2 protein chains.
Amino acid sequence: MFSKSCKYAMRAVLYLALNGNEEKKLGVKEIADELNVPKHFLAKLLQQLSKNQLISSTKGPSGGFYLNDQNKETSLRKVVETIDGPEVFNTCILGLPVCSSENPCPLHFKALEYREGLLEVVEGKKIEELARRIKDENLTI
Amino acid sequence: MFSKSCKYAMRAVLYLALNGNEEKKLGVKEIADELNVPKHFLAKLLQQLSKNQLISSTKGPSGGFYLNDQNKETSLRKVVETIDGPEVFNTCILGLPVCSSENPCPLHFKALEYREGLLEVVEGKKIEELARRIKDENLTI
DNA sequence: GTAATAAAAGACAAAAAGGTCTTTTATTAT
DNA sequence: ATAATAAAAGACCTTTTTGTCTTTTATTAC
């Protein structure tokens with residue numbers, strides 16, 4: 001479903017939401033170490049997210065990555081779509097060039113249902129709310 | 001979710017179920033042309049399926065690929081697991097090394113729920129039955 | 001204004017996935 | 001037996017994805 005890059009990015013954003021804030025910015029090193037992902041590789045992903053204003057950053061001492069108020073309001077879906085492209089959620093699971101409810105493949109409707117459910121999770125809540133849920137329900141990232 | 005290889009393989013098996021039989025074996029060329037997939041690449045996938053007894057083949061004139069009675073009884077799931085490995089259906093959607101109902105990631109339950117849905121389609125019916133359904137409901141492969 | 005810090009940028013490298021082409025082997029129809 | 005056929009096998013090649021390392025740029029604390 002999601003590329004490794006995308007998984008790293010999602011987790012990093014959630015990590016930022018859970019452990020950082022505008023006053024306590026986090027460096028790539030910390031995030032990478034905590035999430036167990038390759039540091040320099042993650043750095044590029046964060047840069048990409050930063051360029052797309054899904055996360056914020058400042059350079060220099062006491063600099064790092066964080067989520068500003070606007071960032072916290074966006075959905076994880078944007079992170080996914082920034083990294084894996086917007087088609088992730090609607091390409092045919094059998095790889096057919098055309099596959100729709102009018103012209104479905106054998107897996108179409110189940111796949112659709114599947115994706116709707118996932119979309120609900122990554123889009124239904126703001127990052128902020130998702131982070132809250134992660135804390136409350138003691139989920140792992 | 002599924003690799004390209006896996007998609008090609010699934011479609012090819014369904015194509016065999018729909019268009020061939022023990023008396024009318026199909027060559028890679030026909031299958032590849034019809035499904036619009038790279039011929040030699042598909043050939044290897046079919047070889048792999050054949051080795052694993054998910055499809056049958058004979059060499060030489062009037063030879064080709066087909067499904068014997070046993071093959072028709074198996075599920076698409078086996079095809080998937082032969083090509084993409086058995087873990088496809090239970091690796092964490094966020095890529096976490098441990099992610100279970102006891103120790104879930106934020107997407108765990110939704111991912112589980114809908115993977116079950118997909119499993120139902122690829123495992124709930126024999127190839128034969130699935131092919132029947134494709135015919136009846138005029139689905140695309 | 002200088003040194004230290006941390007992200008940004010960019011050049012490579014390694015691994016995996018996807019794809020092509022050629023040779024070999026088995027089968028069958030003649 | 002032989003020629004023709006089609007899968008099996010294997011050697012490569014290309015592209016994409018993933019990962020590493022180095023240099024540059026911006027910021028801040030002193």
Side-chain angles (χ1 to χ4, degrees), chain A residues 1-12 16 20 22-33 35-68 71 82-85 87-88 91 95, chain B residues 1-13 16 20 22-33 35-68 71 80 82-85 87-88 91 95:
Chain A
M1 179 89 227
F2 303 127
S3 69
K4 250 177 169 183
S5 295
C6 186
K7 292 169 183 177
Y8 292 165
M10 285 192 273
R11 293 173 63 208
L16 283 174
E22 189 132 12
E23 280 72 48
K24 190 194 169 207
K25 294 162 190 157
L26 307 179
V28 207
K29 184 167 177 5
E30 166 179 349
I31 308 174
D33 285 354
L35 299 183
N36 242 285
V37 308
K39 189 174 88 172
H40 295 289
F41 191 67
L42 180 60
K44 307 215 151 178
L45 297 170
L46 294 178
Q47 278 170 41
Q48 211 181 325
L49 295 175
S50 183
K51 251 189 254 172
N52 285 274
Q53 282 131 35
L54 297 174
I55 68 177
S56 307
S57 70
T58 59
K59 293 183 177 181
S62 85
F65 294 93
Y66 64 99
L67 303 183
N68 66 21
N71 299 149
T82 297
I83 305 294
D84 275 354
E87 325 76 29
V88 230
T91 54
Chain B
M1 180 87 225
F2 303 125
S3 69
K4 248 175 170 185
S5 295
C6 185
K7 292 169 183 176
Y8 292 164
M10 285 192 274
R11 293 173 63 208
V13 169
L16 283 175
E22 190 133 8
E23 281 73 49
K24 190 194 169 205
K25 293 161 190 158
L26 307 179
V28 207
K29 183 165 176 6
E30 166 178 348
I31 307 174
D33 285 352
L35 299 183
N36 241 285
V37 309
K39 187 173 90 171
H40 295 290
F41 192 66
L42 179 61
K44 307 216 153 173
L45 297 170
L46 295 178
Q47 278 170 40
Q48 211 182 328
L49 295 176
S50 182
K51 251 189 253 171
N52 285 273
Q53 282 131 36
L54 296 175
I55 67 177
S56 308
S57 72
T58 59
K59 293 185 179 180
S62 85
F65 294 94
Y66 64 99
L67 304 183
N68 65 22
N71 299 149
V80 171
T82 297
I83 304 296
D84 276 353
E87 325 76 31
V88 231
T91 53

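So that the names make sense, note that chain A is the first sequence line, chain B the second, and so on, each numbered from 1. None of the values given here were measured: they were computed from a predicted structure.
- Contact of the B:Leu45 side chain with the B:Val37 side chain is not registered, since no non-hydrogen atoms from C-beta on lie closer than 4.5 Å.
- Within the 4.5 Å cutoff, the side chain of A:Tyr8 has no heavy atoms near those of the A:Leu35 side chain.
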- Query: Taking it one step at a time, do A:Ser56 and A:Asn68 satisfy side chain to side chain donor-acceptor pair (under 3.5 Å)?
  - Reply: CA-CA 6 Å; A:Ser56 307; A:Asn68 66 21; 3.2 Å; yes

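- Geometrically, A:Lys25 engages A:Tyr66 in a cation-pi contact defined by less than 6.0 Å to the ring centre and at most 45° from the axis.
- Between chain A and DNA chain C, the heavy-atom contact criterion of under 4.0 Å yields a 5' to 3' nucleotide range of C:dA4 to C:dA11.
- Scored by the salt bridge (Lys or Arg N to Asp or Glu O under 4.0 Å) test, A:Lys51 finds no partners at all (sequence neighbours excluded).
- Atom C1' of nucleotide D:dT16 and atom CZ of B:Phe41 are separated by 13 Å, given to the nearest angstrom.
- Here A:Ile83 lies out of heavy-atom contact (under 4.0 Å) with every strand.
- Residue A:Leu46 contributes atom CG, which lies 15 Å from atom P of D:dT18 at whole-angstrom precision.
- Every residue meeting the side-chain contact (heavy atoms from CB on, under 4.5 Å) condition with B:Glu23, not counting sequence neighbours, appears here in chain and number order: B:Asn21.
- In this structure, A:Pro61 and A:Lys39 both approach DNA chain D, and ranking their closest nucleotides by distance from the 5' end singles out A:Lys39.
- A heavy atom closer than 4.0 Å to some atom of DNA chain D occurs in A:Lys59, these being the qualifying members of residues 48-59 of chain A.
- Put simply, NZ on A:Lys29 is 13 Å from P on D:dT20, counting in whole angstrom units.
- Between atom CD of residue A:Glu22 and atom CG of residue A:Asn71 there is a gap of 9.0 Å, rounded to the nearest 0.5 Å.
- Rounded to an integer number of Å, the gap from A:Lys4 NZ to D:dT18 P is 7 Å.
- Shown here are the salt bridge (Lys or Arg N to Asp or Glu O under 4.0 Å) partners of B:Lys59, two or more places apart in sequence or in another chain: there are none.
- The nearest heavy atom of DNA chain D to A:Gly63 and to B:His40 marks one nucleotide each, and the one closer to the 5' end goes with B:His40.
- Nearer to the 5' terminus of DNA chain C, by closest-nucleotide assignment, is the contact made by B:Lys44 (compared with the other of B:Gly60 and B:Lys44).
- Taking B:Ser62 as the reference, nothing meets the side-chain contact (heavy atoms from CB on, under 4.5 Å) condition, with sequence neighbours excluded.
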